[in-house]
Amino acid sequence: MHFDRLWRGGRLATLAPGREELGLVENGALGCVDGKISWVGNSDDLPPGYSAGQEIDLEGRLVTPGLIDCHTHLVFAGDRADEFEMRLRGETYETIAESGGGILSTVRNTRVATQAELTTGALDRLDRLIAEGVTTVEVKSGYGLTLDDELKMLRAARGLERERSVSIVTSLLAAHTVPPEYRDNRSAYVDLICEDILPAAAAEGLADAVDAFCETSAFTPAEVRRVFEAARAHRLPLRLHADQRSAGGGAALAAEFGALSADHLERTDAAGARAMAAVGTVAVLLPGAYYALRDKDLPPIGLFREAGVGLAVATDCNPGSSPLTSLLTAMNLAVILFDLTVDEALAGVTREAARAVGRFDSIGSLEVGKACDLAVWDATRPVELVYWMGRNPLHSRVFQGVPA
Ligand code: DI6
Ligand code: FE
């Protein structure tokens, strides 16, 4: 048996389903051919007479699948530091949004930015994720809210793959908020999404999924339904920002449409959790937004566990509610604030995150046939990834079989 590259002598957290918890393999070896994993197991069981183009001694280090940030708004222009200060002085996310700030303030900046400017800004944030062993990032539109500006955002997101060794998964989030020019004619904006923006994004292959913000300050369940029907007609998978600031039955709506994920979920009830479990909709937990908005209502983690809902963890990196560019910090926040276990937090940025972006067939665990995306840590125990705040124990990173 020949490997392009072989890593041996490490502690592998394979995250392979069916194995106990993290699927740890001690003294593990992992072989790669053509960018894909071709062999995983104990180093002592390597096939006799194997050969390898390069052999790398892991020296006992922990190896995990490359991390996946499955919910970000990485592409945007400007920042909202002034609004952050307003919130520190007691204003709320909602009152700022009602007075034309919030998401709309980022929309104004993003509309006047060129695609190249958006790329430059996104790369700064992407590099911080990559430095922590992230190999796949989901990126949403939603700060353009016109046909041209939504496509510009998605093209900038897609283009990041050409700039760095990373996989990008895109979501069209034209249903993020109603733009000012449609304030008195909301249904015409939903028409624009369904009849123009979504078909154009689909035709250009720019959207891997369609997302929406189901919220009293954004879109009603009836409006989200229309967007979801249109997405279905284009065979695009669905995601939903659900029950973040108000309980609107968002989790149940996502489940009704068989969405890949429902995200945020601070105000989801037991019926919503059960509906998600029944169809395998993953709960994407975003503790950065919970923390930065000083939320007090916790997502119902116990209900999700009881019902058997998969739990993913992401940064929600955005200039407003979650100015967070560290997935390791999101893991720390998830265990401290949301009571996740260390194993759940690690599964949440690998296996469950892969499910949330609809790619568990190709990433998210160390299994034969999957992309050889690895994070090698200067650590031996998974808890070390979650325990430090602001210390990055990444030793090295491998993207599609190549150290990068
Ligand atoms: N929920 C969020 O947390 C972000 N979008 C969303 O739908 C917030 C985006 C922003 O404030 O700019
Ligand atoms: Fe979000």
Side-chain angles (χ1 to χ4, degrees), residues 69-84 86-87 91-111 118 121-122 125 137-145 150 153 157 169-179 209-220 223-224 227 238-246 248 250-251 254 259-268 282-295 297 299 312-325 327 330 333 353 356-357:
D69 194 350
C70 68
H71 179 143
T72 85
H73 308 250
L74 208 68
V75 171
F76 60 83
D79 67 39
R80 306 234 290 277
D82 48 352
E83 290 183 9
F84 178 76
M86 288 161 73
R87 282 194 280 117
E91 287 202 48
T92 69
Y93 186 73
E94 280 72 19
T95 54
I96 292 169
E98 277 158 23
S99 59
I103 294 172
L104 287 179
S105 132
T106 302
V107 169
R108 286 190 289 276
N109 287 323
T110 302
R111 283 181 174 177
L118 293 178
R125 297 178 278 275
V137 183
E138 186 262 10
V139 183
K140 301 175 195 300
S141 69
Y143 293 121
L145 313 183
E150 286 292 296
M153 283 191 73
V169 186
T170 57
S171 299
L172 175 70
L173 179 60
H176 197 188
T177 195
V178 177
V210 171
D211 196 345
F213 193 15
C214 186
E215 192 59 52
T216 45
S217 63
F219 292 89
T220 66
E223 290 166 337
V224 170
V227 174
L238 303 168
R239 319 241 343 227
L240 188 64
H241 284 67
D243 306 328
Q244 181 191 8
R245 308 292 291 162
S246 58
L260 291 172
S261 75
D263 304 41
H264 287 286
L265 307 169
E266 276 81 353
R267 285 153 184 88
T268 296
V282 175
V284 176
L285 305 170
L286 304 166
Y290 173 91
Y291 167 79
L293 296 179
R294 290 180 170 155
D295 204 341
D297 290 323
V313 175
T315 60
D316 194 19
C317 176
N318 76 69
S321 63
S322 189
L324 173 61
T325 58
L327 191 55
L333 293 173
V357 295

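Indexing begins at 1, ligand by ligand and atom by atom, following the structure's order.
- The proximity of E215 to ligand 1, defined as any non-hydrogen pair under 4.0 Å, does not occur for either the backbone or the side chain.
- Proximity to G320 (heavy-atom distance under 4.0 Å) selects the following atoms of ligand 1: 11 (O).
- Contact atoms of ligand 1 toward I103: 9 (C), 10 (C), 11 (O), 12 (O) (distance under 4.0 Å to a heavy atom of the residue).
- Test V210, L172, V284 against R239 for side chain to side chain contact (heavy atoms under 4.5 Å, CB included) and you get one pass: V284.
- The atoms of ligand 1 that sit less than 4.0 Å from any heavy atom of R80 are 10 (C), 11 (O), 12 (O).
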Step-by-step side-chain hydrogen bond (donor to acceptor under 3.5 Å, both in side chains) determination, E138 to T72: CA-CA 6 Å; E138 186 262 10; T72 85; 4.7 Å; no
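- Looking at atom 6 (C) of ligand 1, its nearest protein heavy atom turns out to be H241 CD2, 3.2 Å.
- Note on ring orientation: taking the six-membered ring where Trp is involved, the planes of F76 and Y143 are perpendicular (angle over 60°, cut-offs 30° and 60°).
- For atom 12 (O) of ligand 1, the closest non-hydrogen atom of the protein is Y143 OH, 2.6 Å.
- Taking CG of D79 as the reference point, atom OG of S105 lies at 8.5 Å (rounded to 0.5 Å).
- In this structure, the protein non-hydrogen atom closest to atom 3 (O) of ligand 1 is S321 OG, 2.6 Å.
- Remark: L260 CG to D211 CG distance equals 10.0 Å, nearest 0.5 Å.
- Applying side chain to side chain donor-acceptor pair (under 3.5 Å) to R245 and the options E94, E215, E266 leaves one that passes, E94.
- Proximity of a side-chain donor or acceptor of N318 to a complementary backbone N or O of D316 within less than 3.5 Å is detected.
- With hydrogens and angles disregarded, no donor-acceptor distance shorter than 3.5 Å links the side chain of E83 to the backbone of R80.
- No part of F76 comes within 4.0 Å of ligand 1, judged by heavy-atom distances.
- Looking at atom 5 (N) of ligand 1, its nearest protein heavy atom turns out to be H176 NE2, 2.8 Å.
- Distance alone, capped at 3.5 Å, places no donor-acceptor pair between the T220 side chain and the T216 backbone.
- Between H241 and H264, the two ring planes are tilted [angle within 30° to 60°].
- Under 4.0 Å is where a charged nitrogen must lie from a carboxylate oxygen, and between R125 and D69 no such pair does.
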Quick one: do R267 and D295 satisfy salt bridge (charged side-chain N to carboxylate O under 4.0 Å, His left out)? Show the steps, please. CA-CA 11 Å; R267 285 153 184 88; D295 204 341; 2.7 Å; yes
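- Close contacts of ligand 1 with Q244, meaning ligand atoms under 4.0 Å from a residue heavy atom, involve 1 (N), 2 (C), 3 (O).
- What sits closest to atom 11 (O) of ligand 1 on the protein, heavy atoms only, is Y93 OH, 2.4 Å.
- For a distance threshold of 2.8 Å, the protein N, O or S atoms nearer than that to the Fe ion (ligand 2), listed by chain and number, are H71 NE2, H73 NE2, H241 NE2, D316 OD1.
- The N/O atoms of D316, backbone and side chain alike, include one that comes under 3.5 Å of an N/O atom in ligand 1.
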